[in-house]
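These notes concern the structure reproduced below.
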Amino acid sequence: MPDAVPGLFLGQSSNDSGAQPEVLLFHRANRHGVVAGATGTGKTVTLQIMAQGFSDAGVPVFCADVKGDLSGICVPGSPNEKLTARAESMGLTLQPKAAPVVFWDLYGEKGHPIRTTVSEIGPLLLGRMLNLNEVQEGVLSVVFHVADKEGLLLLDLDDLRALLAHVGENAERIGREVGHVAPASIAAIQRSLLQLEQQGGKAFFGEPALRLEDMMRTGLDGRGQVNVLDATKLMNSPRLYAAFLLWLLSELFEQLPEVGDPDKPRLVFFFDEAHLLFTDAPDALREKVEQVVRLIRSKGVGVYFVTQNPADIPDSVLAQLGNRIQHALRAYTPSEQRGLKAASDSFRANPAFDTAEAIQGLGVGEALVSTLDAKGAPNVVARTMIRPPDSRLGPATDAERAQIMAASPVKGLYDAAVDRESAEEILLARRGEADQAAADAKLAEARAKTDAAAAKDAEKAAAARAREEARARAPARRRSSRETPIEAATKSVLRTAGSTITRELLRGLLGGLRRR
């Protein structure tokens with residue numbers, strides 16, 4: 001390949017003028033692109049070639065390793081006779097070498113952990129991860145609003161769970177301010193969080209959070225760092241995978257300054273299995289992707305979607321992808337035929353062949369290539385033999401991966417999680433203070449009741465003593481000489497009866513004397 005070619009050499013095509021190099025111009029690489037093709041047609045090798053080519057040009061790269069094959073980019077290649085012959089046919093001399101690789105893994109098993117905080121990922125992407133409906137997403141937005149209003153840091157899933165419980169307990173008060181918060185929605189979000197944890201998502205949330213500058217390094221030899229995300233396990237949670245990559249794109253978009261169209265990108269981002277980003281995605285998420293892809297170009301970032309069929313990508317996003325590499329497609333079913341037509345119609349036609357037929361007839365390691373020219377216009381599509389890579393075809397061994405990680409420039413920065421005070425601890429402290437205050441109030445009330453009862457008893461005892469003392473001081477009561485009416489009547493009757501009896505006795509006595 002001539003040294004004067006100002007870009008990444010992809011391979012060689014043939015036309016009436018002879019063999020022609022197919023090159024992706026560096027100053028047009030931030031216009032994004034797509035690498036498509038059926039399984040087993042060479043997409044991963046093309047991705048590997050592009051990643052190492054950008055790295056050699058001093059451009060940092062981020063790519064996801066879905067099957068584990070891409071990890072071989074960290075080991076020098078051992079080209080066989082077939083690969084050597086292909087390189088010689090292109091005028092290319094293979095120089096086996098490894099790319100400067102840093103391995104990452106959301107679970108921290110096959111690479112350095114990647115973490116972000118719940119606050120940074122936001123309610124939209126988190127709702128996508130949790131597969132929430134529109135009502136539940138609204139409640140989640142309320143939860144984030146409460147966190148902002150009350151100054152509560154949402155760092156990990158424990159913080160989010162504690163805040164959900166807090167919102168549920170204060171739903172009536174919060175509902176008066178921001179709208180009804182249904183307990184059923186709170187419970188549904190809690191269940192979704194549990195499912196996300198069971199899928200290993202808890203490891204993704206926390207601190208230390210990823211710093212973008214640690215992915216955008218350039219070595220002393222001038223080569224860009226190749227960041228390989230091990231996604232072999234992550235692919236079991238496709239929503240988490242898609243949301244994480246979109247979050248990373250969004251962070252790049254928000255943090256990087258505007259640079260226009262630089263001579264070469266500041267970072268190239270490969271999104272493998274891109275269809276997972278758009279499957280059952282709500283309109284708000286699609287709009288977010290379209291916005292990021294459209295505007296991140298001016299930040300000097302090139303985004304390349306890797307998928308089986310360009311039809312997997314919405315037209316609004318596909319229209320932003322200027323550089324296209326199409327490997328073979330199969331078209332046996334009606335839906336596959338529609339995908340084939342969509343793929344062929346997206347190229348600038350070449351009068352030398354029928355694009356749709358060419359796509360079906362491509363062999364392994366061949367592709368239809370159309371990149372942007374120096375003026376930004378798409379070149380005529382060319383049937384291209386893709387060049388062999390300088391690094392290993394196939395995965396790295398565990399020992400080789402461990403050796404790379406031991407010499408990593410970010411070793412020790414992210415390996416240990418940090419748990420600082422955040423929403424969970426603050427709410428727990430508030431609850432403890434409230435419980436203590438309630439206990440103190442209850443104790444004070446009990447003491448007050450006890451004191452009141454004691455005071456009442458003391459008052460009664462004092463009154464009783466006072467009565468006793470008064471009774472003891474009072475003089476003896478003298479009997480009255482005045483007769484009551486009954487006593488007077490009784491005495492009168494007795495006196496009258498006595499007088500009568502006396503007279504009768506006297507008469508009897510005197511009469512007896514006279515008779516004598």
Side-chain angles (χ1 to χ4, degrees), residues 115-123 126-127 129-130 132 135-209 416-466:
R115 302 183 189 89
T116 186
T117 64
V118 173
S119 295
E120 286 179 349
I121 205 159
L126 187 58
M129 286 182 184
L130 300 176
L132 303 182
V135 175
Q136 293 160 358
E137 285 181 353
V139 172
L140 190 61
S141 296
V142 169
V143 172
F144 275 76
H145 169 76
V146 172
D148 292 338
K149 185 176 180 180
E150 298 188 12
L152 299 172
L153 288 176
L154 292 177
L155 302 181
D156 53 29
L157 294 187
D158 290 335
D159 292 328
L160 181 58
R161 183 175 287 106
L163 189 55
L164 282 167
H166 172 70
V167 171
E169 293 169 356
N170 299 273
E172 184 176 352
R173 173 181 62 82
I174 294 172
R176 290 195 298 267
E177 300 175 0
V178 296
H180 178 61
V181 178
S185 296
I186 294 287
I189 297 173
Q190 293 278 27
R191 290 192 297 270
S192 296
L193 281 177
L194 178 60
Q195 293 176 355
L196 183 63
E197 284 189 3
Q198 291 173 342
Q199 296 173 1
K202 186 174 182 179
F204 175 48
F205 296 97
E207 291 185 319
V418 176
D419 187 14
R420 62 187 175 111
E421 185 181 63
S422 51
E424 181 189 22
E425 291 79 12
I426 294 173
L427 291 174
L428 187 61
R430 288 184 186 176
R431 184 182 295 275
E433 292 174 358
D435 291 344
Q436 185 62 45
D440 292 344
K442 189 175 182 179
L443 180 60
E445 183 181 358
R447 286 177 176 173
K449 289 181 179 179
T450 302
D451 294 344
K456 190 173 182 179
D457 292 342
E459 183 180 353
K460 289 181 179 179
R465 286 195 301 273

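In this chain, numbering begins with 1 at the start of the sequence shown.
Across all non-hydrogen atoms, the minimal contact from Leu152 to Ala423 is CB-CB, 4.0 Å. Contact record, Ala417 with Arg115: N-NH2, 3.6 Å, taken as the closest heavy-atom pair. Residue Leu140 comes nearest to Ile189 through the heavy atom pair N-CD1, 4.1 Å, listed as atom of the first residue, atom of the second, then distance. Contact detail for Ile121 and Met129: the closest heavy-atom pair is CD1-CE, 3.0 Å.
With rounding to the nearest 0.5 angstrom, the CG atom of Asp156 is 13.0 Å from the CZ atom of Phe204. For the atom pair Leu194 CG and Gln199 CD, the distance stands at 10.0 Å (nearest 0.5 Å). Separation of atoms CG (Leu160) and CZ (Phe205) is listed at 8.5 Å; rounding is to 0.5 Å. Atom CG of Leu155 and atom CD of Glu207 lie 4.5 Å apart (nearest 0.5 Å).
Listed by first then second residue, pairs satisfying side chain to side chain donor-acceptor pair (under 3.5 Å) with a partner in residues 136-150 read Lys149-Glu177, Glu150-His166, Glu150-Arg430, not counting sequence neighbours.
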Task: Evaluation steps, side chain to side chain contact (heavy atoms under 4.5 Å, CB included), between Phe144 and Leu163 - done: CA-CA 9 Å; Phe144 275 76; Leu163 189 55; over 6 Å; no
Under 3.5 Å, sequence neighbours excluded: what are the donor-acceptor pairs made by side chains of residues 445-454?
from: Thr450; atom 1: OG1; to: Ala446; atom 2: O; distance (Å): 2.9

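A donor-acceptor contact shorter than 3.5 Å links the side chain of Asp159 to the backbone of Glu424.
The pair Arg161-Asp158 meets the salt-bridge criterion, with a side-chain N (NZ, NE, NH1 or NH2) lying under 4.0 Å from an Asp/Glu carboxylate O.
When the side chain to side chain contact (heavy atoms under 4.5 Å, CB included) test is applied to Ser192, the partners found at least two apart in sequence or on another chain are Leu130, Leu132.
The shortest side-chain heavy-atom distance between Leu164 and Leu193 falls under the 4.5 Å cut-off.
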